[in-house]
Amino acid sequence: MSTAGKTITCKAAVAWEAGKDLSIETIEVAPPKAHEVRVKIAYTGVCHTDAFTLSGKDAEGEFPVIFGHEGAGIVESIGEGVTSVKVGDHVVCLYTPECKECKFCKSGKTNLCGKIRATQGKGLMPDGTSRFTCKGKKLLHYMGCSTFSQYTVLADISVVAVDPKAPMDRTCLLGCGITTGYGAATNTAKISPGDNIAIFGAGCIGLSVIQGAVERKAGKIIVVDINDDKKEWADKFGATDFVNPTKLPAGVTIVDKLVEMTDGGCDFTFDCTGNVGVMRNALEACHKGWGESIVIGVAPAGAEISTRPFQLVTGRVWKGCAFGGVKGRSQMPGLVQDYLQGKIKVDEFITHRHPLEDINDAFHDMHAGDCIRAVITMDE
Ligand SMILES: NC(=O)C1=CN([C@@H]2O[C@H](COP(=O)(O)OP(=O)(O)OC[C@H]3O[C@@H](n4cnc5c(N)ncnc54)[C@H](OP(=O)(O)O)[C@@H]3O)[C@@H](O)[C@H]2O)C=CC1
Ligand SMILES: N[C@@H](CCC(=O)N[C@@H](CSC=O)C(=O)NCC(=O)O)C(=O)O
Ligand SMILES: [Zn+2]
Ligand SMILES: [Zn+2]
């Protein structure tokens, strides 16, 4: 019996308020409107950014809401005017959409898209309304995806069809973390062979920066993390050196150490922690004259970065990166092929798996420090 055009009742992990565990609820998901797609989510990753917004530190964080933005599934139905995907397509959800028509998409200078960002940031669909209700209450969307629901509705510019031969418990992870790190190294930084780089934070993002740096034949790939247990992970992904900044000799800063290890400073550094003090160290560890520091980490509302202007006057560059600079609808199919051909690691990032009803364990795993990525099976 077709569900097209009808409201679907399903399970979802609902965040009723900041700082509290998610609650598995029965919700209603309305049919997609024009230029919208309803997707049956098969698997979703749990990203640190989900935890960041759940903590209440996200300036755009509103509740009650269905989180999740690292998901893959199958198109259940499409709204009027949708031509980019069809029912039955295997898709990856895109929290950075690609309309291909706005000033951003046409600029050739960014992967950011401006078409729906204003409503997306308010947790709403492009028409300013929500497709989710629970116990008579409206639930907000998250990052345009809300993949912690068995069915979700997205704008058609926020999904992309990919090869159905690629397992969805892997392609979901290309929806955020792995693509972000890999793209930061290969798109945003444009690492050249022999460049010396430093990566602060050996989580999912940092490890994926490593794989991009290895592909670009970087010279030294120095990983900086306060957790010694991450050295093994860093080595596995191809790091050449590991430094724990909390274990340096008295009077030696991480900047001193990195400048000494790289004959004057790094060609590129990457913040993959969201810590603004780390961001400053990452910039100041760059080589005078040309070093570039890429900010990837998400910092709490109100947090600011600072450095002496002299650091920039003498040639260092401070820039940021969203979703690895990747244009999702144009580039995701190719990234999935790269995965299928063994050019990009994905399987190696999966350390935990949980059914939807145990999704809170994934958040607890993340804070335990031994989790790179947890994958949630939505229909178990
Ligand atoms: N810009 C973008 O498009 C995206 C940004 N993000 C953001 O990127 C950041 C990383 O995400 P993710 O990899 O999933 O997060 P993780 O928490 O998995 O990784 C962060 C790593 O940094 C380490 N760390 C924490 N503090 C420090 C410090 N002071 N110095 C060195 N290492 C430190 C952590 O160690 P420990 O485990 O011991 O805490 C952990 O290993 C987050 O802020 C996330 O919100 C994520 C996806 C996309
Ligand atoms: N709402 C947050 C935004 C935090 C942020 O920078 N998000 C990243 C993606 S993080 C994915 O895990 C991003 O791509 N931002 C681009 C955008 O358009 O939001 C806040 O206000 O801090
Ligand atoms: Zn994410
Ligand atoms: Zn656009």
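Please read these numbers as outputs of a predicted model, since none were measured by experiment. Computed from heavy atoms alone, side chains included, the values below leave out hydrogens, waters and symmetry copies. Note that ligands are numbered from 1 as they come in the structure, with each ligand's atoms numbered from 1 the same way.
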Practice task
Look at atom 34 (C) of ligand 1 and find which of Val224, Asp225, Asn281, Asn227 reaches it with the closest heavy atom.
Solution key: Asp225
Practice task
Tell me yes or no: between the side chains of Tyr339 and Asp347, is some donor less than 3.5 Å from an acceptor?
Solution key: yes
Exercise for the section: May I ask you to identify the nearest protein heavy atom to atom 2 (C) of ligand 2, giving residue, atom name and distance to one decimal place in Å? Expected result: Asp58 OD1, 3.2 Å
Exercise for the section: Record the part of Pro245 in heavy-atom contact with ligand 1 below 4.0 Å; permitted values are side chain, backbone, both and neither. Expected result: neither
Handout entry: Option with minimal heavy-atom separation from atom 14 (O) of ligand 2, where the choices are Ala322, Gly324, Ala59
Key = Ala322
Problem - For Gly297, atoms of ligand 1 separated by under 4.0 Å from a heavy atom - result: 7 (C), 8 (O), 9 (C), 43 (O)
Practice task
Please state which part of Val298 comes within less than 4.0 Å of ligand 1, counting heavy atoms only: side chain, backbone, both or neither.
Solution key: both
Problem - Sub-4.0 Å atoms of ligand 1 with respect to non-hydrogen atoms of Thr273 - result: 22 (O), 24 (N), 27 (C), 32 (N), 33 (C), 43 (O)
Practice task
Among all protein heavy atoms, pick the one closest to atom 8 (C) of ligand 2 and tell me residue, atom and distance.
Solution key: Val298 CG2, 4.4 Å
Exercise for the section: Check each atom of ligand 1 against the heavy atoms of Val278 and keep those under 4.0 Å away; list them by number with element. Expected result: 28 (C), 29 (N), 30 (N)
Handout entry: Polar side chain donor-acceptor pair, Glu28 to Thr133, under 3.5 angstrom
Key = yes
Handout entry: Row check, Phe237 ring normal vs Lys345 NZ/CZ: under 6.0 Å, within 45°
Key = yes
Problem - Atoms in ligand 2 flagged as close to Cys47, the criterion being non-hydrogen separation under 4.0 Å - result: 12 (O)
Exercise for the section: State, with a plain yes or no, whether a side-chain heavy atom of Pro333 is found less than 4.5 Å away from one of Val160. Expected result: yes
Exercise for the section: Return the option from Ile226, Asn111, Ile199 holding the heavy atom at the smallest distance from atom 25 (C) of ligand 1. Expected result: Ile226
Practice task
Output yes when a protein non-hydrogen atom is found under 4.0 Å of atom 12 (P) of ligand 1, and no otherwise.
Solution key: yes
Fill in the blank from the handout: Under 4.0 Å from one or more heavy atoms of Cys204, ligand 1 contributes atoms 13 (O), 18 (O)
Practice task
Return a yes/no value for Cys47: is any of its N or O atoms, backbone included, closer than 3.5 angstrom to an N or O of ligand 1?
Solution key: no
Fill in the blank from the handout: ligand 2 atoms nearer than 4.0 angstrom to some heavy atom of Cys176 are 11 (C), 12 (O)
Completion exercise
The atoms of ligand 2 lying under 4.0 Å from a heavy atom of Arg117, numbered in the order shown, are 17 (C), 18 (O), 19 (O)
Exercise for the section: Indicate, as side chain, backbone, both or neither, the part of Tyr95 found under 4.0 angstrom from ligand 1 when only non-hydrogen atoms are considered. Expected result: side chain
Exercise for the section: Of the side chain and backbone of His48, name the one, both, or neither that has a heavy atom under 4.0 Å from an atom of ligand 2. Expected result: neither
Practice task
May I ask whether His69 places a heavy atom under 4.0 Å from ligand 2?
Solution key: yes
Exercise for the section: Look at atom 9 (C) of ligand 2 and say which protein heavy atom is nearest, naming residue and atom and giving the distance to 0.1 Å. Expected result: Tyr95 CE1, 3.6 Å
Handout entry: ligand 1 atoms in contact with Cys321 (distance to a heavy atom under 4.0 Å)
Key = 1 (N), 2 (C), 3 (O)
Practice task
Identify, by atom number and element, the atoms of ligand 2 in contact range of Met143, meaning under 4.0 Å from any of its heavy atoms.
Solution key: 11 (C)
Problem - Nitrogen or oxygen atoms of Glu60 and ligand 2 under 3.5 Å apart - result: yes
Practice task
Nearest heavy atom to atom 36 (P) of ligand 1 wins, so pick from Glu70, Lys230, His48.
Solution key: Lys230
Practice task
Identify, for atom 11 (C) of ligand 2, the protein heavy atom at the shortest distance, and state residue, atom and that distance.
Solution key: Thr49 OG1, 3.4 Å
